[in-house]
Amino acid sequence: MARRSTPLLRRLLAPSPSPTPSTPLAGVASRRTVTYMPRPGDGAPRGVTLIPGDGIGPLVTGAVRQVMEAMHAPVYFEIYEVHGDMPTVPTEVIESIRRNKVCLKGGLATPVGGGVSSLNVQLRKELDLYAALVNCFNLPGLPTRHDNVDIVVIRENTEGEYSGLEHEVVPGVVESLKVITKFCSERIAKYAFEYAYLNNRKKVTAVHKANIMKLADGLFLESCREVAKKYPGIQYNEIIVDNCCMQLVAKPEQFDVMVTPNLYGNLVANVAAGIAGGTGVMPGGNVGQDHAVFEQGASAGNVGNEKIVEKKRANPVALLLSSAMMLRHLQFPSFADRLETAVKLVIAEGKYRTKDLGGTSSTQEVTDAVIAKLD
């Protein structure tokens, strides 16, 4: 049974705090240059399905709920308990996402080498969330090995090695099928180029292993090349996945938008996240024609470990930034800007950081700091 979050009306009617930019950056970030003109009814509260998940999930989704309440965002949450050891995603959860069109989720633990199949994969296939997007970028004030990193990894999300078609041919011999189709390859390529076009990106790089998997990855490349011809203003190139990983750690600033088959995208996104500051600060989401699920961008560590959970020191930044992506998706750009600016101010200030970013702060301390920076 879903649980509704705090009554929305009381939050919407509460007075907003006066803007008090504490630094020059705050003043610049809050300056408005172009008026956003909403359509009638755009301010109506929107329902969002919330899945706290496993491990650190309840901590970081709890942080998001507090920040949303503090800035009176016009969203309310329908909360469902889902855990990675369940055999399937409950029907009522799928129905809620279909109704709301949008979901925010914490990590769901997936058993390794046995047990039930991944609920994350089940969600993607059930809702046809064919595009996974992770934005890996430098945050001002957070030291990293490389500067000028701003990479968007767009990953095909429904087929490839994640098709789940495995069987034992004879004892000791297992066959796992990698499925690549022209339909899915074309639509992920179209999404990548459309994203680049709409976001003023200059280059799309297709990641592949067509030198070995000549038919499967060859079909993926063929689809990307066909779509690239329709976008002459966007540079297109290709790179073999192993060379891609080496280039990422050597010169990541050369990459802009990257489009990949399923497995390569998971690997590339986690490498890029590690380069740009860690999985705890990288936002992401999964989108299809009708639905979207937002979560921590890079999968590594999205459930955390018992020690982090016990000490309540999970990093909420990635999911807070994913929530800003969600607010833009819901056409609440002003709220998204406020949230993203507050998070970046806290990171730049450097006073409140969790252990993965070199600090000692708890999840709650970082959350309180973000709330204090909301304009």
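These figures come from a predicted structure and were not determined experimentally.
- Counting heavy atoms from C-beta outward, His291 and Cys103 have side chains that stay 4.5 Å or more apart.
- Side chain to side chain, Glu238 and Tyr236 meet the donor-acceptor criterion of an N or O pair below 3.5 Å.
- Residues Ile180 and Leu267 do not share a hydrophobic cluster, defined by chaining ILVMFWY side chains whose heavy atoms lie under 4.5 Å apart.
- Residues Leu139 and Lys344 are in side-chain contact: their nearest non-hydrogen atoms beyond the backbone lie under 4.5 Å apart.
- Grouping the Ile, Leu, Val, Met, Phe, Trp and Tyr side chains by contacts below 4.5 angstrom, directly or via other members, places Tyr195 with Val259.
- Distance alone, capped at 3.5 Å, places no donor-acceptor pair between the Asp217 side chain and the Phe220 backbone.
- Side chains of Thr341 and Leu345 form a contact here, defined as non-hydrogen atoms less than 4.5 Å apart.
- Linking ILVMFWY residues whenever their side-chain heavy atoms come closer than 4.5 Å, directly or via other members, leaves Ile188 and Val268 in distinct clusters.
- Enclosure of atom CD in Gln289 is not indicated, since only 12 or fewer non-hydrogen atoms of other residues, nucleotides or ligands lie within 6.0 angstrom.
- Within the 3.5 Å criterion, the main-chain N or O of Ile275 finds no donor-acceptor partner in the side chain of Arg145.
- For the pair Arg155 and Tyr162, the cation-pi test (distance below 6.0 Å, angle within 45°) is passed.
- In this structure, the separation between CZ on Phe294 and CG on Leu133 is 9.0 Å, given to the nearest 0.5 Å.
- Between the side chain of Glu81 and the backbone N or O of His83, no donor-acceptor pair lies under 3.5 Å.
- Contact check for Glu126 versus Leu123: no side-chain heavy atoms found under the 4.5 Å cut-off.
- Side-chain contact between Thr260 and Ile154: absent, with no pair of heavy atoms (C-beta onward) separated by less than 4.5 Å.
- Although no hydrogens or angles enter the test, the distance criterion places a donor-acceptor pair under 3.5 Å between the side chain of Lys214 and the main chain of Asn211.
- Remark: the backbone N or O of Ala109 is paired with a side-chain donor or acceptor of Asp54 at under 3.5 angstrom.
- Ring geometry for Tyr191 against Tyr130 counts as perpendicular: the plane angle is over 60°, on a 0 to 90° scale with 30° as the lower cut.
- The main-chain N or O of Gly218 is never found under 3.5 Å from a side-chain atom of His208 such that the two would form a donor-acceptor pair.
- A distance of 8.5 Å separates CZ in Arg328 from CG in Leu339, rounded to the nearest 0.5 Å.
- Counting only distance, with no hydrogens or angles, the side chain of Asn286 and the backbone of Leu129 share no donor-acceptor pair below 3.5 Å.
- Atom CD of Gln254 sits about 7.5 Å away from atom OG1 of Thr205, to the nearest 0.5 Å.
- Follow the hydrophobic side-chain contacts under 4.5 Å out from Phe193 and you never reach Ile151; the two are in separate clusters.
- To the nearest 0.5 angstrom, Thr158 atom OG1 is 10.0 Å from Arg124 atom CZ.
- Surrounding OH of Tyr197 are at most 12 heavy atoms belonging to other residues, nucleotides or ligands under 6.0 Å away.
- Of the N and O atoms on the side chains of Gln66 and Thr367, not one donor lies less than 3.5 Å from an acceptor on the other residue.
- For Lys182 and Glu186, the salt-bridge test passes: some basic side-chain N is under 4.0 Å from an acidic carboxylate O.
- One finds no salt bridge joining Asp256 and Lys202 here, because no Lys/Arg side-chain nitrogen approaches an Asp/Glu carboxylate oxygen to under 4.0 Å.
- Note: Ile347 CD1 to Asn138 CG = 12.5 Å, rounded to the nearest 0.5 Å.
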Derivation of the salt bridge (Lys or Arg N to Asp or Glu O under 4.0 Å) call for Lys209 and Asp242: CA-CA 8 Å; Lys209 191 65 175 173; Asp242 38 352; 3.0 Å; yes
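- With contacts defined as side-chain heavy-atom distances shorter than 4.5 Å, the pair Thr61/Phe77 does not qualify.
- Put simply, NZ on Lys355 and NZ on Lys311 are 6.5 Å apart, with the number rounded to the nearest 0.5 Å.
- Both Ile79 and Val102 are assigned to one and the same hydrophobic cluster, defined by single-linkage of ILVMFWY side chains at heavy-atom distances under 4.5 Å.
- Smallest separation of non-hydrogen atoms from Pro52 and Tyr80: CD-O, 3.3 Å.
- In this structure, a donor-acceptor pair under 3.5 Å is absent between the side chains of Thr88 and Gln122.
- Within the 4.5 Å cutoff, no side-chain heavy atoms of Val207 are placed close to those of Phe255.
- Counted within 6.0 Å of CG on Leu215, heavy atoms from surrounding residues, nucleotides or ligands total 12 or fewer; the atom is thus considered open.
- Residues Asn266 and Asn270 bring a donor and an acceptor atom of their side chains to less than 3.5 Å of each other.
- The salt bridge (Lys or Arg N to Asp or Glu O under 4.0 Å) test with Lys178 singles out one residue from Glu166, Glu159, Glu161, and that residue is Glu161.
- Of the possible polar contacts, one joining the Ser322 side chain to the Glu295 backbone as a donor-acceptor pair under 3.5 Å is found.
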